[in-house]
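So the structure is just underneath, and the comments pick up after that.
Note that ligands are numbered from 1 as they come in the structure, with each ligand's atoms numbered from 1 the same way.
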Amino acid sequence: MKHSLPMEDRPRVRLGLIGCGEHATSVLHNAVGFIDDFHVVGVCDPDAGRAQAAARRFGLSEYHDSHESLLKEARPEAVLLVTYPGLQPKLANTLLQAGVHVYVEKPIVMSEDDAETLRQTVSDHPALIAAVSFNKRFSAHYRRVREITCGEGFGTPNYFHFRFAGGHRAKTWALLAVGAIHGFDMARTMMGEIEEVSAYLVELAEGQADISANVRFRSGAIGQFFLSSMGFWSAKGAEHMEIRSNQNVVTLENHRQLTWQGPPLDKSASDTTQMQKETPSFAQYLEPNYSNISAPEFQSIAQNGYLQPLQAFAEDILSGSRRLPTLEDGIAALNIATAIDQSMRDGGRPLRVATV
Ligand SMILES: NC(=O)c1ccc[n+]([C@@H]2O[C@H](COP(=O)([O-])OP(=O)(O)OC[C@H]3O[C@@H](n4cnc5c(N)ncnc54)[C@H](O)[C@@H]3O)[C@@H](O)[C@H]2O)c1
């Protein structure tokens with residue numbers, strides 16, 4: 001016996017998908033497929049094969065080769081923008097001016113000019129969402145780190161470290177403004193604003209660089225970034241975060257393995273000898289079990305924090321609430337990238353980070 005689907009009687013967000021490349025199709029479109037609050041009304045990519053594949057996936061009989069065509073014909077009220085880093089600020093601006101909510105893959109801005117233009121447009125359209133995909137904020141593992149460092153027993157964080165070591169890039173600037181931008185957002189999320197940076201660079205060729213940056217936070221805490229485009233995406237330890245307070249340390253390795261160790265259970269009375277006798281506390285260690293998750297792709301779209309902000313994007317449009325990282329967050333992260341870039345090109349000169 002066959003049945004007709006019941007008529008949809010609840011509002012859903014009319015979503016357009018702009019850019020159907022690697023990240024969109026292997027990650028974000030999977031997430032969209034899990035979210036009932038979205039109704040995908042159109043897809044667009046100048047690459048016809050990619051656009052057709054995305055259209056088929058969402059049961060559409062048409063696809064678009066430009067955002068102009070998508071806006072005119074499919075009339076989305078919101079778009080997921082996942083194209084090229086240098087193109088996204090301009091496209092986001094056009095889409096907001098057309099009255100459409102945008103969820104932009106990072107980066108939302110690549111330059112001061114982008115920031116200025118988009119700021120004006122956002123202030124001209126206060127009802128629209130202009131969100132940037134800082135997905136690590138939504139990952140259960142990074143959230144657990146934040147709970148620990150804000151919770152009882154950790155004390156005031158005094159040190160932050162972030163390592164990000166992926167593969168070669170077209171430009172060294174892209175390592176900072178596109179790749180490491182997640183680390184800058186994590187620093188702000190975990191520790192507050194960075195006031196000053198001093199950075200050094202080894203650059204074998206354009207886009208093949210190691211960068212070491214010391215930073216001082218407004219809170220008085222210190223920190224360090226190691227950022228590399230001479231690493232491997234697939235290598236263990238490509239991504240690492242560490243936060244320390246007085247006799248407390250929490251680390252998150254590869255976005256997954258979390259270790260937290262607090263003060264020793266017992267130690268010798270004297271603090272004057274280097275050879276203190278310590279009875280270590282038991283570390284808390286969290287590593288997810290991958291053997292028992294039914295939808296394989298669910299591992300990274302939820303655990304890496306891609307699914308949750310897209311769900312929030314839909315809910316915020318429907319309810320009027322606002323919970324996602326904003327243009328200002330994107331600009332604040334870019335300001336850190338800019339200060340590091342200038343300092344490392346100027347022999348490590350200490351530089352203030354522009355405030356938003
Ligand atoms: N948050 C994350 O973890 C994460 C991970 C990977 C990539 N990204 C971001 O996702 C974005 C895409 O990266 P990718 O690796 O998928 O790149 P990609 O090159 O595979 O995909 C980009 C797609 O955009 C399309 N495109 C180009 N111009 C367009 C236009 N005017 N309108 C519509 N589509 C257009 C291209 O044809 C291509 O299919 C980048 O901004 C990148 O920084 C984020």
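Inspection of the E77 and H101 side chains reveals no N or O donor paired with an N or O acceptor under 3.5 Å. Side chains of Q311 and D37: a donor on one and an acceptor on the other come within 3.5 Å. Side-chain contact, D210 with S228: a donor N or O sits under 3.5 Å from an acceptor N or O. Side-chain atoms of Q208 and S229 include no donor-acceptor pair closer than 3.5 Å. A donor and an acceptor atom, one from each side chain of H64 and E73, are nowhere located under 3.5 Å apart.
If you take CZ on R12 and CD1 on I317, they are separated by 13.5 Å, rounding to the nearest 0.5 Å.
Among protein heavy atoms, the minimum distance from atom 25 (C) of ligand 1 is reached at D45 OD2, 3.2 Å. Among all non-hydrogen protein atoms, the one lying nearest atom 27 (C) of ligand 1 is Y84 CE1, 3.3 Å. When only non-hydrogen protein atoms are considered, atom 38 (C) of ligand 1 lies nearest to R50 NH1, 3.2 Å. For atom 17 (O) of ligand 1, the nearest non-hydrogen atom of the protein is T83 O, 4.3 Å. Of all protein heavy atoms, the one closest to atom 44 (C) of ligand 1 is E105 OE1, 3.2 Å. The nearest heavy-atom contact from the protein to atom 43 (O) of ligand 1 is K106 O, 3.0 Å. Scanning the protein heavy atoms around atom 21 (O) of ligand 1, the nearest turns out to be G21 CA, 3.3 Å. For atom 35 (C) of ligand 1, the nearest protein heavy atom (residue, atom name, distance) is P46 CD, 3.3 Å.
Atoms of ligand 1 found under 4.0 Å from any heavy atom of V82, numbered from 1 in the order shown, are 10 (O), 11 (C), 12 (C), 24 (O). Close approach to I18 involves these atoms of ligand 1, each under 4.0 Å from a residue heavy atom: 32 (N), 33 (C). Less than 4.0 angstrom separates some heavy atom of V178 from each of these atoms of ligand 1: 43 (O). Every atom of ligand 1 with a heavy atom of H182 under 4.0 Å away is listed here by number and element: 1 (N), 2 (C), 3 (O).
Between Y306 and ligand 1 there is a heavy-atom distance shorter than 4.0 Å.
Residue-level proximity to ligand 1 for N135 is carried by the side chain, the only part with a heavy atom below 4.0 angstrom. For H23, heavy-atom contacts with ligand 1 shorter than 4.0 Å involve the backbone as well as the side chain. With a 4.0 Å cut-off on non-hydrogen atoms, N304 does not touch ligand 1 at all.
Between H67 and ligand 1, no pair of N/O atoms sits closer than 3.5 Å.
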Contacts under 3.5 angstrom, residues 330-341 side chains, donor-acceptor by atom type, not counting sequence neighbours:
| unit_1 | atom_1 | unit_2 | atom_2 | d |
| --- | --- | --- | --- | --- |
| N335 | ND2 | A354 | O | 3.2 |
| T338 | OG1 | L334 | O | 2.9 |

N/O donor-acceptor pairs under 3.5 Å from side chains in residues 154-167, not counting sequence neighbours:
| unit_1 | atom_1 | unit_2 | atom_2 | d |
| --- | --- | --- | --- | --- |
| H161 | ND1 | Q224 | O | 3.4 |
| H161 | ND1 | Q224 | OE1 | 2.9 |
| R163 | NE | G237 | O | 2.9 |
| R163 | NH2 | G237 | O | 3.1 |

Legend entry - Full working for side chain to side chain contact (heavy atoms under 4.5 Å, CB included) between T25 and R50: CA-CA 9 Å; T25 55; R50 288 179 162 191; over 6 Å; no

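In the displayed structure, E206 atom CD is contacted under 6.0 Å by more than 12 heavy atoms of other residues, nucleotides or ligands.
Paired with H67 under the rule side-chain contact (heavy atoms from CB on, under 4.5 Å), one option of T94, T83, L81 passes, and it is T94.
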